[in-house]
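Okay, so here's the structure we're looking at.
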Amino acid sequence: MNLPALRGHNAALVLDLLRAAGSEGISRLELAERTGLTPQAVSKITARLRAEGLAAEAGRRASTGGKPRTVLRLVPEAGHAVGLHLDRDELTAVLTDLTGAVVAERRTPLAFGAGADAVVGAAAQEVRELVAALGAGAGPVSGAGVALPGPLDHTSGVLHRVTGFPDWDGFGLRDALAGRLGLPVVVDKDTNAAALGLALAGTADSFAYLHLGTGLGAGLVLGGAVHRGARTGAGEFGHQVLQLDGPPCECGDRGCVEALCLAAVARGDLAEAARVLGTAAGNLAGLLDIDRVLLGGRTVFAAEDLFVREVGAVVAARVRRGGGGVEVPVSLAAGGERGVAEGAAQLVLAPLFGRATVAFPVRRNEQKIG
């Protein structure tokens, strides 16, 4: 048995319960009951968490017998994470505390086609500016999560042929940015990052997050976990073909959902874009039998009611024809336009609380960012 790993797992369980308890806190007895750990083990873990500044007393609670119980809470400001959303034309950066609450945000234009050096440099600069705003005495930054268009290999942080930007194929973004920052970095697709954030918020057990902005993609959550596929390529939703011999897509195929949607957006026909998106979403709902569909991305947020109404109508018709008899709701994703960046921060935070997503390389506990 790997005792250090076990201690880390048990501490993560306790931390997750402290986070869920919020400012009201939770007693050691309740922690033991909910984790299945012995009271002695919980006492040792909480003592260590308090010594590390991650937990603190939140007062006392009346007991059914004996003396009042001391309750503990997570200290949100004891640690931080950076979330970066690298879109094709814009960079959004957030700094969150341990609960995932945003404490600082930056947004700047980005030319994704300018090349790796320029993009990595811009991303590193935004992280430096965010961390500088923390000031002395603030809890350390655990790492940076980076979300951007796919396809990519999230386990190695290496990009593949990003649609429209083939020069990025094979670039090790994770290691390049980690070298600039002196921080652990984890990389994933923008849609997966957003889906992770929504899953951790308890949105649903199985859902699809559809992101329509400068491109179109999907994040899939099946059985409560982000589904990336055996080769991390799941969710390339925009490149399913709806129209044989249709307009060319930058992926090299024709008649893709992304090409049809973006063409409709370009000519100002958002209702048609929504109907196309709804058709593809209906295919997905029929194929995977998901519980709900969530919509995000700047194009959706620019016409929220229209997209929810039109996509919802097409999906509902498809579900009725399928005879399932169970509604698949369509709604806006929480978080707005910074939802992807917030999800990127969760790529760093989730493992700290036992919500495994992807491990980043272990580095010294340093905060160079220089």
Side-chain angles (χ1 to χ4, degrees), residues 76 80-110 112 123 126-127 129-130 133 144-150 188-204 207-221 226 235 237-238 258 261-262 265 270-271 273-274 277-278 281 290-312 315 329-350 357:
H80 299 84
V82 171
L84 297 175
H85 178 196
L86 307 184
D87 208 343
R88 292 171 173 86
D89 60 358
E90 185 177 64
L91 188 159
T92 303
V94 299
L95 183 70
T96 74
D97 64 20
L98 290 179
T99 68
V102 174
V103 297
E105 177 182 4
R106 292 178 62 84
R107 198 181 298 265
T108 186
L110 180 71
F112 199 75
E126 292 304 304
V127 175
E129 295 289 343
L130 280 177
V146 184
L148 70 161
D188 208 340
K189 289 195 296 187
D190 46 12
T191 49
N192 285 346
L196 173 66
L198 293 166
L200 292 175
T203 298
F207 64 88
Y209 167 75
L210 307 182
H211 185 97
L212 178 58
T214 56
L216 174 62
L220 305 175
V221 171
V226 176
F237 171 82
E258 179 173 296
C261 272
L262 295 183
V265 171
L270 295 184
L277 181 59
I290 52 179
D291 297 327
R292 64 188 307 121
V293 173
L294 300 172
L295 305 178
R298 70 176 70 166
T299 302
V300 168
F301 291 126
E304 298 176 352
D305 293 341
L306 182 150
F307 274 95
V308 170
R309 182 179 66 250
E310 297 295 335
V311 173
V315 170
V330 175
S331 60
L332 290 176
E337 291 194 25
R338 75 181 188 192
V340 172
E342 291 185 40
Q346 289 292 352
L347 292 169
V348 175
L349 293 175
T357 169

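In this text the structure is predicted, and so the values were computed from the model without any measurement. Because only heavy atoms are used, hydrogens play no part in the values below, and waters and symmetry mates are left out as well, while side chains stay in.
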Interatomic distance, [X] atom [atom1] to [Y] atom [atom2] [nearest 0.5 angstrom]:
X      : Y      : atom1 : atom2 : value
His211 : Thr299 : NE2   : OG1   : 8.0 Å
Glu90  : Leu110 : CD    : CG    : 9.0 Å
Ser331 : Leu295 : OG    : CG    : 7.0 Å
Asp190 : Leu84  : CG    : CG    : 13.0 Å
Leu148 : Thr191 : CG    : OG1   : 10.0 Å

Without swapping roles, check the side chain of Glu258 against the backbone of Leu216 for a donor-acceptor pair under 3.5 Å.
-> yes
Could you tell me whether a side-chain N or O of Thr203 sits under 3.5 Å from a main-chain N or O of Leu198, the two making a donor and an acceptor?
-> yes
Considering all heavy atoms, the nearest [X]-[Y] contact:
X      : Y      : value
Ala123 : Leu91  : CA-CD1, 3.7 Å
Val340 : Ala194 : CG2-CB, 4.0 Å
Ala193 : Ala344 : CB-N, 3.8 Å
Ala274 : Glu310 : CB-CB, 3.5 Å
Arg298 : Thr214 : NH1-CG2, 3.8 Å
Val146 : Leu347 : O-CD1, 4.2 Å

List in chain and number order the residues that pass side chain to side chain contact (heavy atoms under 4.5 Å, CB included) with Ala208, two or more places apart in sequence or in another chain; answer none if no residue qualifies.
-> Leu210, Leu220, Leu284, Ile290
Taking the side chain as C-beta and beyond, is there a heavy-atom pair between Glu337 and Thr92 under 4.5 Å?
-> no
Hey, are the side chains of Phe237 and Leu212 touching, using non-hydrogen atoms and a 4.5 Å cut-off?
-> no
Apply side-chain contact (heavy atoms from CB on, under 4.5 Å) to the pair Phe301 and Leu332, showing each step before the final yes or no.
-> CA-CA 8 Å; Phe301 291 126; Leu332 290 176; 4.2 Å; yes
Taking only residues two or more places apart in sequence or in another chain, which ones pass side chain to side chain donor-acceptor pair (under 3.5 Å) with Glu126?
-> Arg106
Decide side-chain contact (heavy atoms from CB on, under 4.5 Å) for Val265 and Leu270; before the verdict, give the C-alpha distance in whole Å, the side-chain angles of both, and the deciding distance to 0.1 Å.
-> CA-CA 5 Å; Val265 171; Leu270 295 184; 4.0 Å; yes
For side-chain contact (heavy atoms from CB on, under 4.5 Å), just list the numbers for Arg338 and Arg107, CA-CA rounded to whole Å, side-chain angles, deciding distance to a tenth of an Å, and then say yes or no.
-> CA-CA 10 Å; Arg338 75 181 188 192; Arg107 198 181 298 265; 4.2 Å; yes
